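Predicted, not measured: the structure shown is a model, and the values here were computed from it. Sequence lines set the chain letters: A, B, ... in the order given, protein chains first and strands last, and positions in each chain run from 1.
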2 protein chains.
Amino acid sequence: MRPSIREALLKNAVTLFAGRGYHAVSLRDIAKAAEANVGSLTYHFGSKANLLKEIYERHTQPMNARRRELLGEARRISNPDERLMAIIRAYIVPAFISSSESDGGGAEFTRMRAVLSAEGNPDAQAIIADAFDETSRAFIEAIAECVPGASREGLVWRSQFLLGGLYYALINPERVSRLSGGAVNGEDREAAVGQLVEASYASFRSLAADTGAAADMIKQEKTA
Amino acid sequence: MRPSIREALLKNAVTLFAGRGYHAVSLRDIAKAAEANVGSLTYHFGSKANLLKEIYERHTQPMNARRRELLGEARRISNPDERLMAIIRAYIVPAFISSSESDGGGAEFTRMRAVLSAEGNPDAQAIIADAFDETSRAFIEAIAECVPGASREGLVWRSQFLLGGLYYALINPERVSRLSGGAVNGEDREAAVGQLVEASYASFRSLAADTGAAADMIKQEKTA
DNA sequence: GATCAATTTGTACATTTGTACAAATAGTAA
DNA sequence: TTACTATTTGTACAAATGTACAAATTGATC
């Protein structure tokens, strides 16, 4: 029970940015949510841009470390399909589930990343490119080894769609609930992870030279 | 050569909102981009919120009409796999490619939708839910008929991932170029459409009761 | 308790924001 | 031309914004 104003400011900033975007949230909004004074923000962070930078610095490293850790485990699986599934899971899970100590939560931070990415926030862009591209590349490499014959182009695009699906699941979960008439709960992150992993598995798997979707189609076309 | 200030304002507003988000763009930014005066915005649209509303009203109906038209054509295909592919394409293409007359372009409008959706813009939310949910539902129904045995949950989640992938392809194409080391051009919309259609096809197809990814995996597990 | 640094508060300031509106201009029909 | 409407311009204004900073408060060390 001592979240030290500084922590409270950071945490509330993530939540507010994730919910409304960067420019729609004022420093006074953040201060009010954290039950603190506006001045405390300039004192601790200097500027709004720097507050954002500190948020990224706090979450990026732990999240990617966890990803690399899980990727390392996944790579030891010999069966290529099982390995592919585990690799995809290693990429997705740390973005959805908050890691042990780092409060704020992986999902809220990821959602904030999604929103700032959509806004093309220039402060965020540089950090993201530096910190996340390397990790993404490592995952694409690992996935490539599971899907022999897959084109580099296909792999990169599918990794883009994977991240887009991940982001949108966090940004707009209400749509899932609405479209299903309430039968599916879009806020259920466990379910979202499971569905995204399976969908991405199929998406990557179809790049394989022999058992791709196109091949499937041609086969079925001929029998029809 | 007569884009009538009103048209220029609308068009530039879409571009700017799509690039930076709603709150980051001021009415003066829009006026300057359209080489017009600030006052012309209040004259033509009354308020910033209403400007947004008019943008949606202009693009939503034509885009969804085109989607329904293509969906109708796709449904006439008898082979379920070919039909599935055509249905997915019918959903994606109008969002990427600008329809004939409605200037502004489908892609720019879609990108704007993506950004405002990420920002949770309340003005946009109501319009989106009303205008697009019905169309999405129709597509999910049509897809369901192509994939016997697919769970409703799986279909809805995959439609969510499809839309997320679509949005993210428009929001952050630079990432594709970067991750591929320049080998793939993220701005190439033709390629993006093709890749997204194929990936989504595999994603939906894997929901089929017999040839799903899970079944594939179990099979491979046993032989390994 | 006294001293000093760290933090928190309150307030002030220049800019920018959306909006309003009167004056100027352009367009059109008689 | 003249009369009238539609549009465009310029400017004004209150509210909100990020930032700065002096004063007040708290916390720790001696």
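- Rounded to whole Å, the distance from CG on B/L41 to C1' on D/dG10 is 15 Å.
- Straight-line distance from the CG atom of B/N50 to the P atom of C/dA20: 12 Å, rounded to whole Å.
- Comparing D/dT9, C/dT8, C/dT19 against the side chain of B/T42 picks out C/dT19 as the nearest.
- One atom, CG of B/D29, and another, C1' of C/dT15, lie 14 Å apart when rounded to the nearest Å.
- Each of B/V38, B/V14, B/L10, B/V25 was checked for a side chain to side chain contact (heavy atoms under 4.5 Å, CB included) with B/I30, and the lone residue meeting it is B/V25.
- No side-chain donor-acceptor contact under 3.5 Å links A/S117 and B/R175.
- Put simply, A/N37 has a side-chain N or O that comes within less than 4.0 Å of OP1 or OP2 on C/dG10.
- Between B/F132 and B/R113, some side-chain heavy-atom pair lies under the 4.5 Å cut-off.
- In this structure, the CG atom of A/L27 is 18 Å from the P atom of C/dT15, given to the nearest Å.
- Mapping A/Y43 and B/S26 onto DNA chain C by nearest heavy atom places A/Y43 at the nucleotide closer to the 5' end.
- By the 6.0 Å contact criterion, CD on B/E134 is open, its count of non-hydrogen atoms from other residues, nucleotides or ligands being 12 or less.
- Per the geometry, CZ belonging to A/R20 stands 10 Å off P belonging to D/dT17, to the nearest Å.
- Looking at the side chain of A/H44, the nearest of the listed nucleotides C/dT8, C/dT19, D/dT9 is C/dT8.
- B/F45 has its CZ atom 17 Å from the C1' atom of C/dA20, to the nearest Å.
- Atom-to-atom, CZ of A/R28 to C1' of D/dT19 comes out at 9 Å; the value is rounded to the nearest Å.
- Atom NZ of A/K48 is separated from atom P of D/dT17 by 9 Å (rounded to the nearest Å).
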